[in-house]
Student: 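My questions all concern the structure below.
All figures in this text were calculated on a predicted structure; none of them were measured in a lab. The sequence lines fix the lettering, A, B, ..., with proteins before strands; numbering per chain opens at 1.
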Amino acid sequence: MELDKKFDFKDREKEIYSRWEQSGFFNPDKLKAKSSKLEADRFSMVLPPPNATGTLHLGHAVMLVVQDILARFNRLIGKKVLWLPGTDHAGIATAEKVEKLIYKKEKKTRHDLGREEFLNRVDEFVEDSRDVIRKQVRAMGASLDWDRESFTLDDKRSRAVNEAFKRMYDAGLIYRGNRIVNWDPKMQTTVSDDEIEWEDGVDPFYYIKYGPFVIATARPETKFGDKYVVMHPEDKRYAEYKDGQEIELEWINGPIKATVIKDKAIDMEFGTGVMTITPWHDNTDFDIALRHDLDKEQIIDLNGKLLPVAGEFAGMHISKARPLIVEKLKEKGLLEKVDEKYSHRVAKNSRGGGMIEPQILDQWFVDVNKKFEFKKADFSTDSLEIKDGKELTLKELMQRAVREGKIKFLPERFEKIYFHWIDNLRDWCISRQLWYGHRIPVFYCSKKQEFQNHESGIMNYEEKAVVETVKPKECPVCGECEMRQDQDTLDTWFSSGLWTFSTLGWPEETEDLKLYHPTDVLETAPDIIFFWVARMILMSGFLIGDIPFKNVYFHGLLRDKEGKKMSKSANNGVDPIQVIEQYGADALRMSLIVGNAAGSDLVVSDDKFRAYRNFVTKVWNATRFVLMNYDDSLEEGELIEEDRKILDEFRVAKDGIKEHVKNFRLHLAAEEAYHYFWHTFADKIIEDLKPRLKEGGENRESAQTLIMTLLKEQLVMLHPFMPFVTEELYQQLPLKDKKGFLMIESWN
RNA sequence: GCGUCCUUAGCUCAGUGGUAGAGCGCUUCCUCGACACGGAAGAGGCCAUAGGUUCAAUCCCUAUAGGACGCACCA
């Protein structure tokens with residue numbers, strides 16, 4: 001059969017993918033495993049679920065390529081490979097995006113639409129972008145088991161979320177409490193610590209007389225209620241003032257009585273070494289207030305407006321009130337001086353951009369320091385060497401899984417970052433005042449419980465909540481009312497934390513769980529190590545007593561030519577489909593893997609795509625040459641001595657590549673495979689064999705056998721990296737023991 | 001402030017305790033029955049700087065400079 005001069009990837013890739021898909025071999029149930037030992041036999045990964053709000057860019061393509069190489073390689077070495085796809089509802093990110101779109105088009109807020117209508121709109125939007133994502137993922141050649149496709153918000157996953165919440169609540173690890181949280185007045189929701197972005201800012205720094213002291217602040221608008229003045233116990237300048245001493249002084253809106261507090265949290269070097277505290281709107285102040293059991297008063301409401309404590313300024317937005325307050329302080333002679341060039345950092349919500357205003361709110365938290373009784377689920381493996389019934393905290397659990405080597409990070413240095421994060425970890429606020437997400441599975445008696453809108457200010461739940469995975473038919477409190485579910489939704493990472501096992505059927509004890517959990521590798525970007533990787537370890541450890549994965553491979557972030565990180569927010573993402581249409585998926589895949597060492601960033605450009613597109617053509621033409629010179633009337637001959645040697649050398653190179661893949665050195669594997677094919681096989685071996693392959697050449701059988709063997713084994717070897725062209729060419733080879741697909745050939 | 005990583009050919013980056021590697025680009029030659037998205041030959045590097053360890057350092061250690069990043073603090 002005569003081949004064209006080039007691989008027609010535009011037409012062929014789609015066709016090849018759909019034939020793979022129809023074959024069913026993406027589903028491990030259809031694969032026959034080589035051995036009968038389960039552990040040796042299976043290989044599993046979950047695809048980090050992309051946010052269902054957007055479409056994929058080249059950064060996601062890196063992730064797909066790395067994982068598909070692992071999946072295809074393991075299939076070739078005879079494992080039952082499960083690679084499970086899905087998408088993430090990405091609560092806050094999606095809500096923000098859809099709200100913005102609706103407002104732009106219709107000038108309506110989510111409150112104008114109402115909860116139900118708003119959620120319908122989000123669902124529509126999400127459905128559309130998931131279709132795009134599915135198409136993009138297929139175009140990359142990703143050999144995912146679509147039969148098991150999941151969504152963090154689908155029925156099964158929601159059930160798992162409710163179950164997880166209840167179990168953690170019952171163990172005392174989830175509690176409701178009034179604590180200081182990060183409040184985003186713009187999106188009207190709490191935000192987790194990890195979702196905050198710190199921006200450098202330069203603002204005026206005001207030195208204000210406070211009785212005998214001078215205090216310094218960048219935020220005079222928070223100071224109305226300040227009635228505690230704090231200094232370091234060892235500060236000699238203020239030695240005459242004693243802890244607990246009361247002082248009468250003139251303040252913004254008249255005379256007040258202040259109490260002196262001595263606390264080591266004060267930095268003597270900073271400002272005047274004296275500060276007043278605003279426990280309701282500052283983390284450090286909150287901690288000080290807790291330590292000394294001080295009163296806490298709210299100054300700013302959830303919309304960023306001043307409360308009645310501000311007197312004449314009540315009802316004013318803080319940004320408007322600040323200059324007026326400064327003016328008043330000046331008039332009263334309380335303003336000592338202003339440092340105009342004070343640089344500090346301001347907290348911003350990284351999803352949507354509102355300025356964070358700390359608030360004390362009644363929210364749901366996961367307690368990371370409380371001891372619980374460790375328990376393994378029946379199906380879990382022995383990968384964590386913690387005995388059933390042992391008491392430990394979630395922090396300790398997360399530390400042990402990595403410290404004891406049960407989970408390995410690649411590159412290793414990320415382990416340090418991980419431990420450091422755990423050391424500084426505070427309780428995880430998991431409730432969000434968003435509509436899109438998993439509604440918190442807590443129910444209240446409508447008769448005994450007063451419900452207040454979050455918009456109105458402080459919430460106060462006195463009654464005990466009923467935590468159930470499904471809404472109770474009868475109200476256990478009054479016995480007659482229709483119970484009301486908590487208005488809030490869960491932090492999106494709560495559900496992603498369950499991903500390795502919720503996708504396998506948990507809380508049912510399914511065959512999939514027994515077979516495929518823990519997964520072998522989690523391959524992801526280093527920027528979600530805290531959001532996701534850590535939370536998966538936490539959830540899996542508590543809920544099933546197991547690790548979620550054995551290895552974590554962090555790939556490098558993709559940068560554009562200017563060196564900027566490709567991301568949704570930076571809006572510099574390139575649609576992989578664009579590159580695929582121009583150069584083919586195989587070329588894109590090679591470009592994204594060669595030179596991409598774990599954890600180091602990668603810059604790609606058209607030059608690189610072109611180079612590997614040329615390689616695709618090279619493989620194509622070398623195969624064409626072999627086929628053109630193949631005489632099928634010849635018997636397959638024994639290899640003569642020198643041919644045998646060439647084959648042996650090749651097998652050494654091939655084994656080296658196999659080792660590279662097994663050790664996650666994919667960039668080296670790809671490069672060496674490339675190099676062998678082009679510069680050894682094509683440039684040397686083919687050239688040397690040309691005379692012998694011509695009619696009348698010597699040892700023609702041996703030459704033909706050698707070249708066909710080398711070609712076939714190289715197609716297998718290259719297949720994980722460039723699946724399309726290799727599959728297409730494999731189909732053309734005149735082999736006796738040919739499998740239906742190269743995808744299920746064996747790499748021996 | 002604490003910590004991590006990077007600095008290698010013109011560009012983008014691999015890599016190793018023992019003569020420096022790739023891709024692109026560049027120079028010269030070549031349309032030869034696989035391929036010009038090709039072939040052959042080649043130029044190009046004190047492996048950031050200064051010390052140290054070693055028989056031997058681009059690689060290990062210590063400092064310095066420049067760059068990137070993570071974490072904490074910021075009254």
Student: Determine the contact category for A:Tyr612: base if any of its heavy atoms lies under 4.0 Å from a base atom, sugar-phosphate if only primed atoms, P, OP1 or OP2 are that close, otherwise nothing.
Tutor: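 Result for A:Tyr612 = nothing.
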Student: Tell me what A:Lys608 touches on the nucleic acid: a base, only sugar-phosphate, or nothing, going by heavy atoms under 4.0 Å.
Tutor: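 Nothing, no heavy atom under 4.0 Å.
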Student: Within 45° of the six-membered ring axis of A:Tyr238 and under 6.0 Å from that ring's centre, is NZ or CZ of A:Lys262 located there?
Tutor: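 No, a cation-pi geometry is absent between A:Lys262 and A:Tyr238.
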Student: With sugar-phosphate meaning primed atoms plus P, OP1 and OP2, does A:Thr623 contact a base, only sugar-phosphate, or nothing at under 4.0 Å between heavy atoms?
Tutor: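 The residue A:Thr623 makes no contact with any strand.
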Student: Do A:Arg403 and A:Phe419 form a cation-pi contact, if we require the NZ or CZ to be under 6.0 Å from the six-membered ring centre and within 45 degrees of the ring's axis?
Tutor: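 Verdict for A:Phe419: a cation-pi partner in A:Arg403.
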Student: Could you list the residues that satisfy salt bridge (charged side-chain N to carboxylate O under 4.0 Å, His left out) with A:Glu415, not counting sequence neighbours?
Tutor: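 In terms of salt bridge (charged side-chain N to carboxylate O under 4.0 Å, His left out), with neighbours along the sequence ignored, A:Glu415 is linked to no residue.
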Student: Please figure out whether A:Asp193 or A:Ala265 has its closest RNA chain B nucleotide nearer the 5' end.
Tutor: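 On the 5' side of the pair lies A:Asp193.
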Student: Reading RNA chain B 5' to 3', what string of ( ), [ ], | and . shows its pairs, if Watson-Crick and G-U wobble pairs count only when both distances fall under 3.5 Å?
Tutor: (((((((..((((....[..)))).(((((.......))))).....(((((..]....))))))))))))....
Student: For A:Arg413, which contact category applies under a 4.0 Å heavy-atom criterion: base, sugar-phosphate, or nothing?
Tutor: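 Sugar-phosphate only.
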Student: Name the nucleic acid region contacted by A:Asn614, choosing base, sugar-phosphate or nothing; use a 4.0 angstrom heavy-atom cut-off, strictly under.
Tutor: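 Here A:Asn614 touches the bases of the nucleic acid.
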Student: If the condition is side-chain contact (heavy atoms from CB on, under 4.5 Å), which residues does A:Arg291 pass it with, not counting sequence neighbours?
Tutor: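 With neighbours one apart ignored, the set is A:Asp263, A:Ala265, A:Asp287, A:Ile288.
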Student: Below 3.5 Å is the cut-off: list the nitrogen or oxygen pairs between protein and nucleotides 7-14 of chain B, distance only.
Tutor:
from  : atom 1 : to       : atom 2 : distance (Å)
B:A14 : OP1    : A:Ser600 : OG     : 2.8

Student: Within the structure shown, what part of the strands sits under 4.0 Å from A:Trp198 by heavy-atom distance: base, sugar-phosphate, or nothing?
Tutor: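 Touches a base.
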Student: Which residues in residues 417-425 of chain A have at least one heavy atom lying under 4.0 Å from any atom of RNA chain B?
Tutor: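 When residues 417-425 of chain A is checked for heavy atoms under 4.0 Å from RNA chain B, the hits, listed by number, are A:Ile417, A:His420, A:Asn424.
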Student: How would you label the contact of A:Phe205 with the nucleic acid (heavy atoms, under 4.0 Å): base, sugar-phosphate, or nothing?
Tutor: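 Sugar-phosphate contact only - A:Phe205 comes under 4.0 Å of backbone atoms but never of a base.
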Student: For A:Phe7 and B:A34, what is the distance between atoms CZ and C1' respectively, to the nearest whole Å?
Tutor: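 Taking CZ of A:Phe7 and C1' of B:A34, I get 17 Å after rounding.
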Student: Where the side chain of A:Lys690 is concerned, which of B:G38, B:A34, B:C74 is the nearest nucleotide?
Tutor: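 In terms of side-chain proximity for A:Lys690, the closest of B:G38, B:A34, B:C74 is B:A34.
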Student: What's A:Ala611 touching, base or sugar-phosphate or nothing? Going by heavy atoms closer than 4.0 Å.
Tutor: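 Answer is sugar-phosphate: A:Ala611 comes under 4.0 Å of backbone atoms only.
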Student: Applying side-chain contact (heavy atoms from CB on, under 4.5 Å), name anything that partners A:Leu410, two or more places apart in sequence or on another chain.
Tutor: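 A:Leu410 satisfies side-chain contact (heavy atoms from CB on, under 4.5 Å) with A:Tyr553, A:Phe664 only.
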Student: Any base atoms under 4.0 Å from A:Phe414, or only sugar-phosphate, or nothing? Heavy atoms, all strands.
Tutor: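 Nothing: the residue A:Phe414, judged by heavy atoms under 4.0 Å, touches no strand.
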Student: With sugar-phosphate meaning primed atoms plus P, OP1 and OP2, does A:Ala218 contact a base, only sugar-phosphate, or nothing at under 4.0 Å between heavy atoms?
Tutor: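 Touches sugar-phosphate only.
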Student: Check every strand shown and say whether A:His281 touches a base, only sugar-phosphate, or nothing at a heavy-atom separation below 4.0 Å.
Tutor: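 Here A:His281 touches no strand at all.
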